[in-house]
Enquirer: 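Have a look at this one.
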Amino acid sequence: QVQLVESGGGLVQAGGSLRLSCVASLHTPGTFIKGWFRQAPGKEREFVATINWNGGRTYYADSVKGRFTISSDNAKNMLKLYLDMTDLKFEDTAVYYCAAARALSGSYYTNYEDYTYWGQGTQVTVSS
């Protein structure tokens with residue numbers, strides 16, 4: 001079992017920046033595909049960004065490309081994932097979730113159904 005814990009959300013003015021973090025202790029070492037999703041009130045959960053197991057490949061939703069950066073640390077017994085968000089916009093307001101799935105290849109996942117483990121979510125509110 002992989003228990004993901006997020007932190008770093010909060011209230012920020014439009015144009016500001018935030019860094020989200022997601023960590024988990026691994027009882028069994030492994031390699032993971034990791035991603036960030038978000039869900040705004042009244043909307044479906046949407047893909048934000050993903051990174052493959054060694055950090056060599058990333059992919060972003062068009063709405064955040066050029067403003068958000070996903071990164072990860074591959075420590076032996078820890079899973080660490082980050083999302084650096086800059087030039088935040090009102091429409092970025094949502095609950096942000098980190099997600100992970102054991103890597104079977106060097107690729108990444110953009111579909112939430114491909115992820116096995118989820119964090120509890122952290123609220124990001126951007127004031128206009």
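Along the sequence shown, residues are numbered consecutively beginning with 1.
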Enquirer: Is the NZ atom of K65 crowded by more than 12 outside heavy atoms at less than 6.0 Å?
Expert: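 Atom NZ in K65 is crowded, with more than 12 foreign heavy atoms closer than 6.0 Å.
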Enquirer: What are the two closest heavy atoms between A100 and L79, and how far apart are they?
Expert: CB-CD1, 4.0 Å
Enquirer: Are Y112 and I33 co-members of a hydrophobic cluster defined by side-chain heavy atoms under 4.5 Å apart?
Expert: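 Yes; tracing contacts between hydrophobic side chains, which count when under 4.5 Å, links both residues.
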Enquirer: Once salt bridge (charged side-chain N to carboxylate O under 4.0 Å, His left out) is applied, do any residues pair with E91, and if so which ones, sequence neighbours excluded?
Expert: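 Applying salt bridge (charged side-chain N to carboxylate O under 4.0 Å, His left out) to E91 gives none.
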Enquirer: Not counting sequence neighbours, list each pair that qualifies as a side-chain hydrogen bond (donor to acceptor under 3.5 Å, both in side chains) and has a residue in residues 12-26.
Expert: R19-D84
Enquirer: How would you list all residue pairs meeting salt bridge (charged side-chain N to carboxylate O under 4.0 Å, His left out) that involve residues 46-61, not counting sequence neighbours?
Expert: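 Sorted result for residues 46-61: R38-E46.
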Enquirer: Does R67 have any salt bridge (charged side-chain N to carboxylate O under 4.0 Å, His left out) partners at least two apart in sequence or in another chain, and if so, which?
Expert: D92
Enquirer: Could you report the tightest heavy-atom contact between W53 and S105, atom names first, then the distance?
Expert: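 The answer is CD1-O, 3.7 Å.
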Enquirer: Which is it for L81 and L83 under the side-chain contact (heavy atoms from CB on, under 4.5 Å) test, yes or no, and what are the steps along the way?
Expert: CA-CA 7 Å; L81 179 67; L83 185 68; over 6 Å; no
Enquirer: So, for V2 and A24, which heavy atoms are closest and what is the spacing to 0.1 Å?
Expert: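 That closest heavy-atom pairing would be CG1-CB, 3.8 Å.
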Enquirer: Scan for disulfide (SG to SG under 2.5 Å) pairs involving residues 28-72, sequence neighbours excluded, and state none if there are none.
Expert: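 Non-adjacent pairs meeting disulfide (SG to SG under 2.5 Å): zero.
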Enquirer: To the nearest 0.5 Å, tell me how far Q1 CD sits from T116 OG1.
Expert: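 Here the rounded value is 9.5 Å.
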Enquirer: Can you confirm whether more than 12 heavy atoms, excluding those of Y117, are under 6.0 Å from its OH atom?
Expert: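 Yes - once you tally the heavy atoms of other residues, nucleotides and ligands closer than 6.0 Å, there are more than 12.
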Enquirer: For K89, enumerate each residue passing the salt bridge (charged side-chain N to carboxylate O under 4.0 Å, His left out) test, keeping only those at least two apart in sequence or located in another chain.
Expert: D87
Enquirer: Distance from T86 atom OG1 to L88 atom CG, nearest 0.5 Å?
Expert: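 Interatomic distance, T86 OG1 to L88 CG, rounded to 0.5 Å: 7.0 Å.
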Enquirer: Name all pairs fulfilling the salt bridge (charged side-chain N to carboxylate O under 4.0 Å, His left out) condition that reach into residues 111-120, sequence neighbours left out, sorted by first residue then second.
Expert: none
Enquirer: Rounded to the nearest 0.5 Å, what separates atom CG in L20 from atom OH in Y96?
Expert: 7.5 Å
Enquirer: Taking salt bridge (charged side-chain N to carboxylate O under 4.0 Å, His left out) as the definition, give me every residue that meets it alongside D73, ordered by chain and number, with sequence neighbours left out.
Expert: none
Enquirer: Once rounded to the nearest 0.5 Å, what's the spacing between atom CG of L18 and atom CZ of F68?
Expert: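 Nearest 0.5 Å value for the CG-CZ distance: 9.0 Å.
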Enquirer: Can you pull out every disulfide (SG to SG under 2.5 Å) where at least one residue sits in residues 13-122? Sequence neighbours excluded, please.
Expert: C22-C98
Enquirer: According to a hydrophobic-cluster definition based on side-chain heavy atoms being under 4.5 Å apart (Ile, Leu, Val, Met, Phe, Trp, Tyr only), do Y108 and I51 belong together?
Expert: no
Enquirer: Any donor-acceptor pair under 3.5 Å linking the side chain of T50 with the backbone of K34?
Expert: yes
Enquirer: Could you list all the disulfide (SG to SG under 2.5 Å) pairs where at least one residue sits in residues 52-83, not counting sequence neighbours?
Expert: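 Output for this query is empty, none listed.
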Enquirer: Test side-chain contact (heavy atoms from CB on, under 4.5 Å) on Y97 and Q39 and set out the steps.
Expert: CA-CA 8 Å; Y97 298 89; Q39 188 166 19; 4.2 Å; yes
Enquirer: Kindly work out whether a path of hydrophobic side-chain contacts (I/L/V/M/F/W/Y, heavy atoms less than 4.5 Å apart) joins V48 to V12.
Expert: yes
Enquirer: Strictly by ring pair (Phe, Tyr, Trp, His ring centres under 6.0 Å), give each pair with a member in residues 6-43 just once, sequence neighbours left out.
Expert: F37-F47, F37-Y115, F37-W118
Enquirer: Among pairs that include at least one residue of residues 119-128, which meet side-chain hydrogen bond (donor to acceptor under 3.5 Å, both in side chains), considering only residues two or more places apart or in two chains?
Expert: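 Matches after skipping sequence neighbours: Q123-T125.
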Enquirer: Go through it in stages, so that I can follow the logic: the residues are I70 and Y60, the test is side-chain contact (heavy atoms from CB on, under 4.5 Å), and I'd like the CA-CA distance, side-chain angles, deciding distance and then a yes or no.
Expert: CA-CA 9 Å; I70 188 171; Y60 298 89; 3.4 Å; yes
